[in-house]
Peer 1: 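Starting off with a structure, shown below.
Numbering of ligands and ligand atoms starts at 1, following listing order.
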Amino acid sequence: MSSDRMSKDLLPTPDFTFDPDVPGACIAGVRPYRIGSYRLDAEMESGKFVVHNYGHGGAGITLSWGCAEKVREIVKNYIAVSKDTEVAVLGAGVMGLTAATLLLDLGLKVTIYSDRKPEETTSYKAGGQWAVSVVKYEGKEEELKGILKTAYTTFKNSIGKNFGVYERPNYTATLSHNLEVVMQLVPGLIPERVPLPCLPFEGHTQSGYMYQTLLIEPPTFLARLEKDLKMRNVTCVHKRFMNKSDVFTSVTQAIIVNCTGLGAKKLWNDSQLLPIKGQLAMLPPQPKLQYLYGQNGYMFPRSDHVVIGGTFEEDVDDEIADKAKCQELVDYMASLFGKAPRRAMPDFHIHHPRHAAKVNPVLPEVV
Ligand SMILES: Cc1cc2nc3c(=O)[nH]c(=O)nc-3n(C[C@H](O)[C@H](O)[C@H](O)COP(=O)(O)OP(=O)(O)OC[C@H]3O[C@@H](n4cnc5c(N)ncnc54)[C@H](O)[C@@H]3O)c2cc1C
């Protein structure tokens with residue numbers, strides 16, 4: 001590497017100092033992956049109109065506004081006939097909060113029921129890249145196109161308006177399946193990838209790609225949605241539903257929007273839902289890092305933390321962080337920048353034998 005390239009072409013190197021014992025430094029979340037595909041449909045049950053909106057795997061933040069728009073359309077068509085004026089949204093994660101926001105536009109009185117506050121949900125833990133990661137959509141390509149268009153456009157329009165959304169380049173060592181999918185389904189929605197003869201980082205000599213995408217910071221985004229909903233008189237009820245009949249007896253509204261994520265596995269007896277656990281190392285923020293990075297694991301520098309993640313443990317649904325695994329993520333990432341000894345590429349994908357054949361094709365190559 002020439003000193004010329006080092007001085008003017010390289011982007012800032014992260015500081016990989018990490019103490020896994022610091023509270024909040026290691027976290028784990030569970031992606032609500034659905035084996036067939038995400039669920040976005042409606043049914044009549046026990047005299048209620050139920051719209052399901054769950055199972056978005058590792059792409060719930062990404063797809064949220066687009067799915068919420070579909071929910072609004074479904075409910076709009078229904079109330080045109082039923083004349084109902086109230087709706088219950090189950091779940092206060094990103095799917096519940098975005099759906100509630102758009103349902104208000106129909107003039108409905110919205111009540112959110114949830115056993116967790118937004119800051120306790122899986123959504124709050126998400127890394128935040130706008131990318132179609134670990135979600136199935138076979139047979140729903142047309143629907144997904146619309147969802148992607150609405151979601152991307154809505155997020156993009158919210159940049160600079162205190163929603164925690166930023167445009168960022170993502171540098172990857174190999175093609176990013178999660179963004180290639182977007183370019184294939186909706187050409188022109190996001191900028192074309194730029195091939196690079198050499199990734200612009202210290203310690204890197206290999207070629208790669210630059211994708212221009214969005215970074216959505218979940219803590220800021222969810223807090224903003226929650227604040228706006230409260231200002232618009234949405235009521236939030238703390239409630240844990242034990243099963244489906246508990247929902248039907250407890251909820252008075254005739255329209256129910258089910259955004260319970262992985263909770264739908266038990267609540268709606270949905271055996272298609274498969275938890276996929278992910279560990280995240282949360283380093284202190286480093287504002288000089290204005291890029292995302294992916295190479296068998298990812299690094300998303302945000303304003304609250306530099307988030308390093310990319311583990312996938314299928315059929316594991318506990319939210320207990322593994323400090324050793326988080327340290328391994330950081331050490332591996334540091335090694336790519338020449339800041340830790342070179343190491344063999346760790347296998348961060350732990351397949352469950354029962355499901356591996358079904359899940360493998362959607363697991364990302366990069367991020
Ligand atoms: C490590 C990790 C990294 C991720 N990174 C990204 C990323 O970079 N980009 C991206 O787009 N996505 C990412 N995701 C995926 C994203 O977090 C999920 O797809 C998304 O959070 C799903 O949102 P949700 O609202 O459906 O579920 P949740 O956020 O889990 O919300 C479900 C809600 O339902 C409620 N609920 C459930 N069961 C019950 C019950 N029985 N009674 C009452 N309430 C109930 C819960 O309390 C909660 O409020 C990541 C996920 C993980 C784990």
Peer 1: Have a look at Tyr293 and tell me which of Phe337, Tyr209, Tyr298 forms a ring pair (Phe, Tyr, Trp, His ring centres under 6.0 Å) with it.
Peer 2: Phe337
Peer 1: Strictly by modelled atom types, are Glu180 and Tyr211 linked by a side-chain donor-acceptor pair under 3.5 Å?
Peer 2: yes
Peer 1: For Met231, does the CE atom sit with more than 12 other heavy atoms under 6.0 Å from it, leaving out its own atoms?
Peer 2: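 Counting other residues, nucleotides and ligands, CE of Met231 stays at 12 neighbours or fewer.
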Peer 1: Just to verify, which of Asp315, Asp318, Asp317, Thr311 counts as forming a side chain to side chain donor-acceptor pair (under 3.5 Å) with Lys277?
Peer 2: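 Going through the options one by one, the only one that passes is Asp318.
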Peer 1: Quick test of your reading of the model: are Asp270 and Lys244 salt-bridged, counting only N-O distances below 4.0 Å?
Peer 2: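 Looking at Asp270 and Lys244, the cut-off is not met.
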Peer 1: Show me a pair-per-line table, with atom names and distances to 0.1 Å, of protein N or O atoms that are under 3.5 Å from an N or O of ligand 1.
Peer 2:
residue  : atom   : partner : partner atom : Å
ligand 1 : 5 (N)  : Gly127  : N            : 3.1
ligand 1 : 8 (O)  : Gly128  : N            : 2.8
ligand 1 : 8 (O)  : Gln129  : N            : 2.9
ligand 1 : 9 (N)  : Gln129  : O            : 3.0
ligand 1 : 11 (O) : Ile61   : N            : 3.1
ligand 1 : 11 (O) : Thr62   : N            : 2.8
ligand 1 : 11 (O) : Thr62   : OG1          : 2.7
ligand 1 : 12 (N) : Gly58   : O            : 3.0
ligand 1 : 19 (O) : Gly57   : O            : 2.7
ligand 1 : 19 (O) : Gly60   : N            : 2.9
ligand 1 : 21 (O) : Ser123  : N            : 3.2
ligand 1 : 21 (O) : Ser123  : OG           : 2.8
ligand 1 : 23 (O) : Ser123  : OG           : 3.1
ligand 1 : 25 (O) : Val94   : N            : 3.3
ligand 1 : 25 (O) : Met95   : N            : 3.1
ligand 1 : 29 (O) : Ser123  : N            : 3.0
ligand 1 : 29 (O) : Ser123  : OG           : 2.5
ligand 1 : 30 (O) : Thr122  : OG1          : 3.3
ligand 1 : 41 (N) : Phe241  : O            : 3.0
ligand 1 : 42 (N) : Phe241  : N            : 3.0
ligand 1 : 44 (N) : Asp115  : N            : 3.2
ligand 1 : 44 (N) : Asp115  : OD1          : 3.3
ligand 1 : 47 (O) : Ser114  : OG           : 3.1
ligand 1 : 47 (O) : Asp115  : OD1          : 2.5
ligand 1 : 47 (O) : Arg116  : N            : 3.1
ligand 1 : 49 (O) : Ala92   : N            : 2.8
ligand 1 : 49 (O) : Ser114  : OG           : 2.8

Peer 1: For a quick test of reading the model, state the closest non-hydrogen atom pair linking Gly294 to Asn170 and the distance between them.
Peer 2: N-OD1, 3.8 Å
